[in-house]
Every structure is written in C-alpha cells, then in structure tokens.
Amino acid sequence: EAGVAQSPRYKIIEKRQSVAFWCNPISGHATLYWYQQILGQGPKLLIQFQNNGVVDDSQLPKDRFSAERLKGVDSTLKIQPAKLEDSAVYLCASSPRASGRVSPPDSYEQYFGPGTRLTVT
Amino acid sequence: AQRVTQPEKLLSVFKGAPVELKCNYSYSGSPELFWYVQYSRQRLQLLLRHISRESIKGFTADLNKGETSFHLKKPFAQEEDSAMYYCALLNAGGTSYGKLTFGQGTILTVHP
C-alpha cells in the first residue's frame, strides 16, 4: 500500500509570512496526527483528528497554527504568521484505529510521512 | 502527565558488541510502550511494541513496571543498526487514545 504522503518536503520562509503543509494519509486510516519535531527533540503532537473531527489540539498554538481535515481524508496544517521558533520538521502520521473502539493492537500503529522541513529566517 | 525520558542522546558501540538503549517513563495508568526507529534518509517507523513481546531485527525490549523502564536491547549490534531510536508511550485513555508521547531520541552509531 502507498505510504503517508506530505508536501512540500522543504520550505524556507521569512518570519511573519504564512505557510501551509499538506498530508495525504494511508487510504482508510481513521486517525491522522500532526507532529512538530524541533532539532534535537522527539516529535511533539500538535493535533489529532479522528475522521474529520479534532480529538486533541491541546498543544497546538492556536493563535498562529490551524489545521483541518476536510472529508476525513487529506489534511492541511497552516502557520500564520510564522516565527523563528517554528523552524522544525512537521510530521504527519496516520493509523487505522478510531478512538473509543475496541481494536486489535496493530490498529493503533502510526505510519509516518517523510516530513516537511520548515526553516523560518 | 505522561513523560518519556531517554537519558542518552548519543550511544556508540562496536560491531558485535551488546547494545542497550535506555527508556524510562512516567504514566499513571497501565502503559503501552513502543520503540520507533529512523534510519538515515528514511521516515520514522515502528520497530517493536511491548504488548507483542516480539523480537525485531534481533532487538527486544522488556517492560519493567517496577522501574518504569522499557530498555531496548540487542546482544550483537550490526552496522545497519545505526539510526535514531525513539521510545514512545501511548495515551490509552479518553478521546485522544492513540496519542504518542515521544522521548528525545538516542542516536546509535555502530562502528565496524
């Protein structure tokens, strides 16, 4: 099966500009995640979708970050305006599992995309 | 709050030597833990999960609830094991079931 796709792979912008990232999860996966990975740190969850609804956005800086998953498939993550500290790799992941349902262990394995490396200058 | 700690940012061993990557966690419930690996120029991928009690590429990891640890071990390291390794803890409660909390990662380098 095709893996999680992300675009662009690299993006360089100036501070105060806006940027958008796109993610196409594995077909049929109910849950989609956006992570931020700052250099030298592990991935940090920004937002989790189940189908087209948000289930966790507690760590999303909502004053500048927004995300949507229209029709429960593709997702976009936007930053407006960008700050220097937003420089990071943005990872998208998907998993088959839907929250609240009894599922086999394999269904919550997360499959990651290649990431988008954002540099804010 | 759940937390994952990987105390070593860098770990170097020689080929054929045993390797142990440390992971400690903090979680109030019954933990579900994973090891993810990222090889050079590849995407992050699951290596193994504790619930499956499996051995993947010679790696094993045992959950020690008393010590709140989930160390990754391999008796004989190979050069192809060189990669970044992340320990991750699954949020097993509430609507955000499936959320992973990652440690900071350990870069493993296996020298020939």
Side-chain angles (χ1 to χ4, degrees), chain A residues 2-6 9-10 23 25-26 29-51 53-60 89-117, chain B residues 1-10 21-26 30-54 56 63 70 72 83-107:
Chain A
V4 176
Q6 289 186 250
R9 294 295 310 278
Y10 305 91
C23 173
I26 293 173
H29 279 194
T31 310
L32 185 147
Y33 310 82
W34 281 102
Y35 290 89
Q36 180 192 58
Q37 185 173 23
I38 293 172
L39 186 65
Q41 299 180 19
K44 182 187 82 171
L45 182 71
L46 292 175
I47 188 167
Q48 176 183 349
F49 291 94
Q50 177 187 321
N51 297 313
V54 176
V55 295
D56 187 342
D57 63 357
S58 57
Q59 297 191 85
L60 187 74
V89 175
Y90 290 84
L91 296 169
C92 178
S94 68
S95 68
R97 192 182 194 284
S99 300
R101 298 181 185 175
V102 177
S103 301
D106 286 356
S107 63
Y108 50 72
E109 176 178 344
Q110 292 186 26
Y111 296 81
F112 285 82
T116 297
R117 183 177 298 277
Chain B
Q2 57 193 67
R3 177 176 293 180
V4 177
T5 303
Q6 293 179 250
E8 304 142 327
K9 290 194 74 69
L10 301 170
L21 290 85
K22 292 183 167 48
C23 171
N24 290 91
Y25 66 90
S26 173
S30 183
E32 296 188 51
L33 288 142
F34 304 81
W35 278 98
Y36 277 79
V37 61
Q38 188 166 25
Y39 301 104
S40 179
R41 287 184 288 277
Q42 295 187 27
R43 58 186 69 189
L44 195 59
Q45 59 186 288
L46 179 67
L47 178 63
L48 58 78
R49 57 178 75 89
H50 95 270
I51 197 169
S52 301
R53 299 181 181 278
E54 56 201 345
I56 302 295
L63 177 62
F70 186 57
L72 183 69
M84 171 72 93
Y85 291 81
Y86 293 98
C87 182
L89 173 65
L90 180 75
N91 183 338
T95 57
S96 56
Y97 191 114
K99 167 184 173 180
L100 287 174
T101 299
F102 286 87
Q104 290 192 316
T106 298
I107 299 173

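Each chain gets a letter, A, B and so on, in the order the sequences are listed, and its residues count up from 1.
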A.B. asks: Between A/F112 and A/Y35, what is the ring plane arrangement, given parallel below 30°, perpendicular above 60°, and tilted in between?
C.D. replies: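 Plane angle between 30° and 60°, so tilted.
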A.B. asks: Ignoring hydrogens and geometry, is there a side-chain-to-backbone donor-acceptor pair from B/Q6 to B/L21 under 3.5 Å?
C.D. replies: no
A.B. asks: Determine whether B/E32 and B/H50 make a side-chain contact, defined as any pair of heavy atoms from C-beta on separated by less than 4.5 Å.
C.D. replies: yes
A.B. asks: Between A/Q6 and chain B, which part of the residue has a heavy atom less than 4.5 Å away: side chain, backbone, both or neither?
C.D. replies: neither
A.B. asks: Report which part of B/I107 has an atom under 4.5 Å of a heavy atom belonging to chain A: side chain, backbone, both, or neither.
C.D. replies: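 No part of B/I107 comes within 4.5 Å of chain A.
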A.B. asks: Using non-hydrogen atoms and a 4.5 Å limit, figure out which bit of A/Q37 sits close to chain B: side chain, backbone, both or neither.
C.D. replies: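 For A/Q37, the contact with chain B is made by the side chain alone.
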A.B. asks: A/P96 and side chain to side chain contact (heavy atoms under 4.5 Å, CB included): which single residue from A/Q110, A/H29, A/E109 fits?
C.D. replies: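 Checked A/Q110, A/H29, A/E109 against A/P96; only one passes side chain to side chain contact (heavy atoms under 4.5 Å, CB included): A/H29.
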